[in-house]
Amino acid sequence: MMFWLSLTLCVQGCGMEQLSAEQSFNRAVAGLEGVDNFTFKGDAAIRNGDSGIFKQTVAFEGQLQNHNLLTLTTAKSPPSSSTASTYSAGSMSMDGLKGKMKYEKGAWRPLASGYSNGDWMSRLNPLEQLQYIGDTDKKVAEEYGAARGTKVLRIELAPEASRKMLSEALNGQMKQLRNRMDQKGDLLYSDNAKARERLQAVWERENQELNRLLSNTDVSTVFHLTVNKKSYLPQKLSSERKISYKDPSGRKWDETMVSDISFSEFR
């Protein structure tokens, strides 16, 4: 009896032990892509410098339904004397938001017609993050000391891949700001032609400055993916992105962005 029990446990748990770190990552991502429904909860934060104090934070949760429909919600910040402010996407607060995304033609897209600022959802969508990681240049290694029944994978993006991921996010925000200037009813729209020209000039100047900064920015991004050895499905995805750049005066700035996401209720 003990022989058969041991054999059964090995069949369930030994398969992932035989996979390389990158193979384990690919299998976990493929497994998640094959799930029709699941939920997740997470939080993200930004820290400037080495103070250890997070200046912007956000808690969020999401639900995947019918394989390709994702609902994302951010929590409303409670009244507090904390020094941390609400995490933001560009000029947009991420406090108490709700949106939907749909996976079609190989990409996740905001579902609502005319929705102009879906970038916040892309930032918090773990499926979109894992898709990017899978397609980009990276190093994957297994970490020691994982909890029983799990495997922890450390995924470090190549420097150029890290910079590209950051550039796409920030340029996406700038593009959305520009689009809002042409949408009647938006706070950035003006019926006054001269006012629109002045605002567009400001946007052009800021966009050029952003691209200048990005060309001289050092970026490093590390993800940790915790995988269940029995189901091959992800349990947790965490990330840390460190950015270092110099402003026009030559002063150096450091910024760290971290996030933690836990998956559950796979069906």
Do the ring planes of Phe263 and Phe266 sit parallel (below 30°), tilted (30 to 60°) or perpendicular (above 60°)? parallel
Specify the closest pair of heavy atoms between Ser190 and Ala195, including all atoms of both residues, with the distance to one decimal. OG-CB, 3.5 Å
Under a 4.5 Å side-chain heavy-atom rule over Ile, Leu, Val, Met, Phe, Trp and Tyr, are Val140 and Val222 clustered together? no
Does the distance from a Lys or Arg side-chain N to an Asp or Glu carboxylate O, for Asp254 and Lys242, drop under 4.0 Å? no
Same apolar cluster: Met121 and Leu97, side chain cutoff 4.5 Å: yes
dist Asn216:CG -> Arg163:CZ (nearest 0.5 Å) comes out at 8.5 Å
In this structure, CZ of Arg205 is separated from CG of Leu210 (nearest 0.5 Å) by 13.5 Å
Check Glu197 with Lys194, please: is the shortest side-chain N to carboxylate O separation under 4.0 Å? no
CG-NZ distance between Leu225 and Lys151, expressed to the nearest 0.5 angstrom: 11.0 Å
Mind running side-chain contact (heavy atoms from CB on, under 4.5 Å) on Leu111 and Leu69 for me, showing each step along the way? CA-CA 9 Å; Leu111 189 60; Leu69 180 62; 3.8 Å; yes
Is there a donor-acceptor pair under 3.5 Å between the side chain of Gln200 and the backbone N or O of Met181? no
Parallel, tilted or perpendicular: rings of Tyr245 and Trp253 (30°, 60°): parallel
Determine yes or no for a side-chain-to-main-chain donor-acceptor pair under 3.5 angstrom, with Arg241 supplying the side chain and Val219 the backbone. no
To the nearest 0.5 Å, what is the distance between CG (Asp43) and OG (Ser262)? 8.5 Å
Please find the pair of heavy atoms, one from Met174 and one from Trp203, that lie closest to each other, and give the distance. O-NE1, 2.9 Å
Determine, stepwise, if the pair Gln183 / Tyr189 fulfils side-chain contact (heavy atoms from CB on, under 4.5 Å). CA-CA 6 Å; Gln183 294 180 0; Tyr189 178 82; 5.7 Å; no
Full working for side chain to side chain donor-acceptor pair (under 3.5 Å) between Tyr103 and Glu33: CA-CA 11 Å; Tyr103 188 74; Glu33 290 175 346; over 6 Å; no
Which pair of non-hydrogen atoms, one from Leu72 and one from Met101, has the smallest distance, and what is that distance? CD1-SD, 4.4 Å
Should Gln235 and Thr226 be marked as a side chain to side chain donor-acceptor pair (under 3.5 Å) after you check the CA-CA gap, both sets of side-chain angles, and the distance that decides it? CA-CA 5 Å; Gln235 290 184 186; Thr226 303; over 6 Å; no
Dump the intermediate steps for side-chain contact (heavy atoms from CB on, under 4.5 Å) on Leu166 and Met257, then the final yes or no. CA-CA 11 Å; Leu166 176 65; Met257 292 178 279; 4.3 Å; yes
Okay, side chain of Asn211, backbone of Asn207: is any donor-acceptor separation there less than 3.5 Å? yes
Please say yes or no: joined through hydrophobic side-chain contacts below 4.5 Å, possibly via intermediate residues, are Leu32 and Leu237 part of one cluster? yes
Lys164 side chain reached by Glu168 side chain, heavy atoms, under 4.5 Å: yes
So, Thr136 side chain and Tyr132 main chain: donor-acceptor pair closer than 3.5 Å or not? no
Tell me if a side-chain donor or acceptor on Asn228 pairs with a main-chain N or O of Lys230 at a distance below 3.5 Å. yes
Just verifying a value: how many Å separate Ile133 CD1 and Asn26 CG, rounded to the nearest 0.5 Å? 11.5 Å
Residues Arg180 and Leu187: closest non-hydrogen pair is NH2-CB, 4.4 Å
Could you tell me if the side chain of Gln63 sits less than 4.5 Å from the side chain of Glu265, heavy atoms only? no
Common cluster, Leu153/Met165, ILVMFWY with side-chain heavy-atom separation under 4.5 Å: yes
In Å, rounded to the nearest 0.5 Å, how long is the span from CZ of Phe60 to CZ of Arg123? 11.5 Å
Pair Leu130, Phe25 - check side-chain contact (heavy atoms from CB on, under 4.5 Å), show working. CA-CA 10 Å; Leu130 288 169; Phe25 170 79; 4.0 Å; yes
Write down the atom of Phe40, the atom of Pro126, and the distance for their closest heavy-atom approach. CZ-CD, 3.5 Å
Go through Ser239 and Ser259 one step at a time and tell me if the side chain to side chain donor-acceptor pair (under 3.5 Å) criterion holds. CA-CA 5 Å; Ser239 68; Ser259 68; 2.6 Å; yes
Determine the minimum heavy-atom distance between Val258 and Glu240, stating which atoms define it. CG1-CG, 3.9 Å
Any side-chain heavy-atom pair from Glu61 and Thr39 closer than 4.5 angstrom? no
Shared ILVMFWY cluster between Val29 and Leu70, side chains joined below 4.5 angstrom? yes
